[in-house]
Amino acid sequence: MSDSAPETRRFDPGEVEPRWQEAWDTADVFHIEDDAEDPSYVLAMFPYPSGEMHMGHVRNYAITDAYAWYRRMQGDAVLHPMGWDSFGLPAENAANERDVDPREWTMDCIDRMKSQMELMGLGFDWDREVTTCEPEYFQWNQWLFLQCYEAGLVERQAAELNWCPDCETVLADENVNPHPDHANGICWRCDSPIDKRDLDQWFFTTTEYADELYDTLDEMDGWPENVREMQRNWIGKQEGASVGFDLTTGDSVDIFTTRLDTVYGATFFALSPGHEVAAEIAAENDAVAEYIERADREGEDLPQTSGVFTGEYAENPATGEQIPVYVADYVLEDIGTGALYAVPAHDDRDHAFAQTHDIDIRQVVEPAPEADREPGGIDTEEAAYTEDGLLVNSGEYDGLASAEARERFVADLDGEFRTAHSLRDWCISRQRYWGTPIPFVDCPDCGYVPVPDEELPVELPEFVQTTGNPLDAAEEWKQVTCPDCGGPAERETDTMDTFVDSSWYFLRFVSPDLPDAPFDTGRANNWMPVDQYVGGIEHATMHLIYSRFFTKVLDDIDLLDHREPFRNLLTQGMVRKGGEAMSSSTGNVVSPRPFVDSYGADTGRLFMLNAAQPEKDFDWTDEGAQSAHDFLQNVYGLAATYAEGEIDTGDGGVVDEYVAHETSAAAATATEQFEQFRFNHALQEVRDLVALLRRYADHTDPRPETFERGLETVTKLLAPVAPHTAEEVWHRLGNDDLIATAEWPSVDTPEGYDTARLLVENTREDVRDIIDVAGIEEPEQIEIGVAPDWKYYARRRARELDGNVVGQLMGDDRLRSRGEDAADYAKELAAAGHIDEQLRPEREGEVLRRASWLLEREFGADVTVYGPDEAPANLAAKATPGRPGIRIEE
RNA sequence: GCGAGGGUAGCCAAGCCAGGAAAAGGCGGCGGACUCAAGAUCCGCUCCCGUAGGGGUCCAUGCGUUCAAAUCGCAUCCCUCGCACCA
């Protein structure tokens, strides 16, 4: 990387980066003390340690690290931890495929991945590293699980599991392979077709929190709308009512509906094939039994309108009518109550069913007057009318609006308002080895008994290769005595879903080594919630709902004083290549390690943050990476050249003030952008400032103080994104401390800066236009004249006036004395409609004078700037506030 | 079907919430400076017309509100994502 040409100074990231990583390590700059007060908690979703970091990881951590650096330089204490979501399937697969122990394999992967993170120079507080597969961590999964059990938030419920009849074992979903002839799949070991069996499993009763999980989303404005919407869909809140129907079987069947207003239109009743009353009827009715069996068979898709009449009737509680009862496959067992009354006139599916089975269609709602359809314009024989409206054919309820009718019917039919959710309780039982053992003992006499706290953790037995769950095969481990009665009993052999591990890890970071509790409650109350969470959209529902659930539970069992874990959430976009997702299976990848070897970690980080806003997908391009690399070398080169005294210094003249202003403005703008995670915009400011400093040195002998402040500002603004390079540059500039501990530049935007910048830009453009349009070859002299004072005065007055602007302005003595000129300008102002605020005349002169060097430099001409009332008459005549007069001579 | 987010110059992309300049920035393309040359760096141009800063057209499409619309409202078309036999 070193270049022999003395004027092109370059640095070698391969040498520089490890050096600064060591320096950070020695100075412990990323460590946060336990007694820190309310630090900024910046968190990246912790990874599954696959052993190989990919660019998606790099992007994730580049974002959190940049923000953590920024906050730290702003003077905040920052918690930026990292850990390993290290239980899970791949370790077990690896163990089965190549005869290794899941634990060793996992630990090896963690080592490899950690060294890659270190290679990237990511500023994590490694003293707080957390590894979920260690007993020191997962014992708290067990403990928290038992706390939840105590609090009544854990239940055993039936769930459908995969059963291999040959291996006589339960299989996890991942161990069932799909097969064309067997809808349930086949066993991964013995290829036998799999059966489904209902077995009791462990559940967290997440449904008890469904309402809160749903309702709070509205207030979570630090989260992206799409994630909140996904959670709303996932929770699936439905406001409705339930009413009981009496059947001729003697059963009373509960239905759930959101459209109780249509109850008069019910012309049949339908049960799902899985409904218990359907099963009862089937016991004595072969046709029903056969239909249920067909519906139950996997792989057989019954038509939407299929169903069978049971011979039974249900009494409509509103009308007292007897309506026929069907078993129909379109009624789903797990939606509502699995039973419904059907209103063909006002529901599409009911309508289709009624047509097929020749059932009456009875309209009971017509479009309301405000609807865009006439009451007579609908024909419910043709199609269901599914909107709300006004009731008809509903006896005494006729004329009521749908919403009102629903309330009346709930009251009159002895029903109840009910909120249904599609969110299910969380089944955490997994028939796998590599997870947290569920701390229960199954006693033939006492049933399931929790393992006492003092016997935690329940550790994993040694791994063995087996057809089913290795824990089941660990006979010695399995046999225990019952904690209650002392008799022989067996351990629970299921392990927990790994989402349990990740539902509270952000709390363990607060006190990672605490021996007697999952986390330090006092500190967690102070440090939580996570201020900024960054990760992939794939976790929008499961992980992010489970974490929210856990946080609420922890509050309710008095372990925490927060109800939401993550104040701000950012879901980062994908890194693509050639328009497609990077994927190792297609070889469409850029691997971090070889990239770092040739360009350095900073180049990768800079490129990623520069290419797009964090939440957007972007394409990895070699040109983009190269341009990021060039920029870092450019910054280094400029600083090194200056540091070695090869840039002559002086007083900078009029340019100096310009550069000083631009430096302050760049710092202010970049800071605003960092606050909003707009790294690409912040970096634009840095690039502009570097270019300006180069121009400064090129045009004149810069004043050292200003030039150095410029360079230091560049370095500081760059530090969060390219920290190694920033340290190296900082050091070359003669600083002995680390930039990691340096202070963020102060941000006082010069007053009226935007207006001034615009004035300069516009004026330069005007000059270019004139030279271009007038075909001037070699401009010798450029004169710029600020408008006379009275025009500013007129303009200021005009801003405040309404009505007859010209008249009022010309009524002013000061302006009337200017005669025709003033009248013309007044007319112009009156026509303008809107009048911008402009700088005061003296300021305008100053600003232009300060920027005149840019024109001198660009055109090689002498530039003269006249202040207000200094300009020759013909120049001043053309000038207006914000638009100086320009004259160019060849 | 329901919901969310989008459609901006050759391409990528800002601006839209808080209406006020043909619309930032990057890439690509074109021209110039420096250089033996390359690279790096610097200065421009890149909707149309224009020999003094002018004019025209323009932000998916069409209406509308306003002195003024990429920005606000309504309608239409298209894209992406999530959910969906949800009673």
Side-chain angles (χ1 to χ4, degrees), chain A residues 3 5 7-10 224-238 240-242 255-260 262 270 272 301-305 328-332 334-343 346-350 352-353 386 420-422 537 540-541 610-613 615-619 621 623-624 627 630-631 633-634 637-638 678 680-681 683-685 687-688 690-691 694-695 697-699 758 761-776 830-837 854 857-860 878-879 882-888:
Chain A
D3 199 315
E7 67 277 10
T8 7
R9 290 196 170 65
R10 300 174 71 84
E225 184 52 40
N226 64 333
V227 174
R228 289 192 278 171
E229 190 59 26
M230 283 164 81
Q231 295 211 344
R232 284 190 197 104
N233 284 334
W234 186 265
I235 297 166
K237 188 170 174 170
Q238 285 276 343
S242 70
I255 58 93
F256 175 79
T257 177
T258 55
R259 290 299 305 274
L260 194 57
T262 63
S272 72
D301 258 343
L302 290 169
Q304 285 275 338
T305 54
D329 194 45
Y330 84 89
V331 182
L332 303 181
D334 58 352
I335 307 269
T337 60
L340 52 84
Y341 66 82
V343 184
H346 303 292
D347 181 279
D348 291 324
R349 289 149 307 173
D350 296 348
F353 191 92
T386 57
H421 299 98
S422 43
I537 186 73
T541 47
N610 201 15
Q613 284 179 31
E615 50 280 320
K616 301 210 166 167
D617 292 352
F618 81 97
D619 252 19
T621 62
E623 294 78 16
S627 130
D630 292 344
F631 176 65
Q633 294 290 1
N634 178 4
L638 179 65
R678 310 286 279 262
N680 50 341
H681 292 177
L683 288 164
Q684 189 53 49
E685 292 297 320
R687 282 181 188 259
D688 288 349
V690 172
R694 277 194 179 271
R695 260 177 275 158
D698 186 47
H699 186 71
L758 200 60
E761 293 280 309
N762 285 346
T763 306
R764 292 175 70 193
E765 223 161 274
D766 282 346
V767 171
R768 275 178 214 129
D769 266 1
I770 292 168
I771 288 176
D772 185 40
V773 172
I776 297 170
H834 168 81
I835 301 168
D836 280 326
E837 192 166 2
L854 291 164
R857 187 160 177 270
E858 188 172 336
F859 298 103
K878 281 185 288 182
R883 202 90 201 272
I886 299 167
R887 191 169 59 206
I888 299 166

task: Say whether A/Tyr341 and A/Asp350, considering side chains only, have a donor N or O and an acceptor N or O under 3.5 Å apart.
output: no
Per-nucleotide protein contact along nucleotides 42-54 of chain B, 5' to 3', at a 4.0 Å heavy-atom cut-off (B base, S sugar-phosphate only, - neither), is SSSS----BBBBS
pair_partner(B/rG5), Watson-Crick or wobble, both distances < 3.5 Å, evaluates to B/rC79
In whole angstroms, the gap separating P of B/rG82 from CD of A/Glu615 amounts to 18 Å
note: A/His681, atom NE2; B/rA13, atom P; distance rounded to Å ~ 12 Å
pair_partner(B/rA68), Watson-Crick or wobble, both distances < 3.5 Å, evaluates to none
Taking the P atom of each, how far is B/rG50 from B/rG56, in whole Å? 16 Å
**OP:** Check whether any side-chain N or O of A/Lys616 sits under 4.0 Å from OP1 or OP2 of B/rA14, and answer yes or no.
**Re:** yes
* **A/Arg857 vs A/Asp698 side-chain heavy atoms within contact, under 4.5 Å** => yes
Across every strand shown, the nucleotide meeting Watson-Crick or G-U wobble geometry with B/rG31 (both distances under 3.5 Å) is B/rC43
Within residues 229-237 of chain A, those residues having any heavy atom closer than 4.0 Å to RNA chain B are A/Glu229, A/Met230, A/Asn233
So CD1 of A/Ile255 and CG of A/Leu260: to nearest 0.5 Å the spacing works out to 6.5 Å
Answer for the Watson-Crick or wobble partner of B/rG53, both distances under 3.5 Å, is none
Separation of B/rA14 atom C1' from A/Asn610 atom CG, nearest Å, is 13 Å
Fill in: Distance test, side-chain N/O of A/Gln684 to OP1/OP2 of B/rA24, below 4.0 Å
no
Dump every N/O contact between nucleotides 55-58 of chain B and the protein below 3.5 Å, one line per pair.
none

To the nearest angstrom, the CD-P distance between A/Glu761 and B/rG25 comes to 8 Å
B/rG73 -> Watson-Crick or G-U wobble partner, both distances under 3.5 Å, gives B/rC63
A/Gln613 atom CD is separated from B/rC12 atom P, nearest whole Å, by 16 Å
query = Is the closest side-chain donor-acceptor distance between A/Asn680 and A/Gln684 under 3.5 Å?
reply = no
When rounded to whole Å, the CZ to P distance for the pair A/Phe631 and B/rA40 reads 15 Å
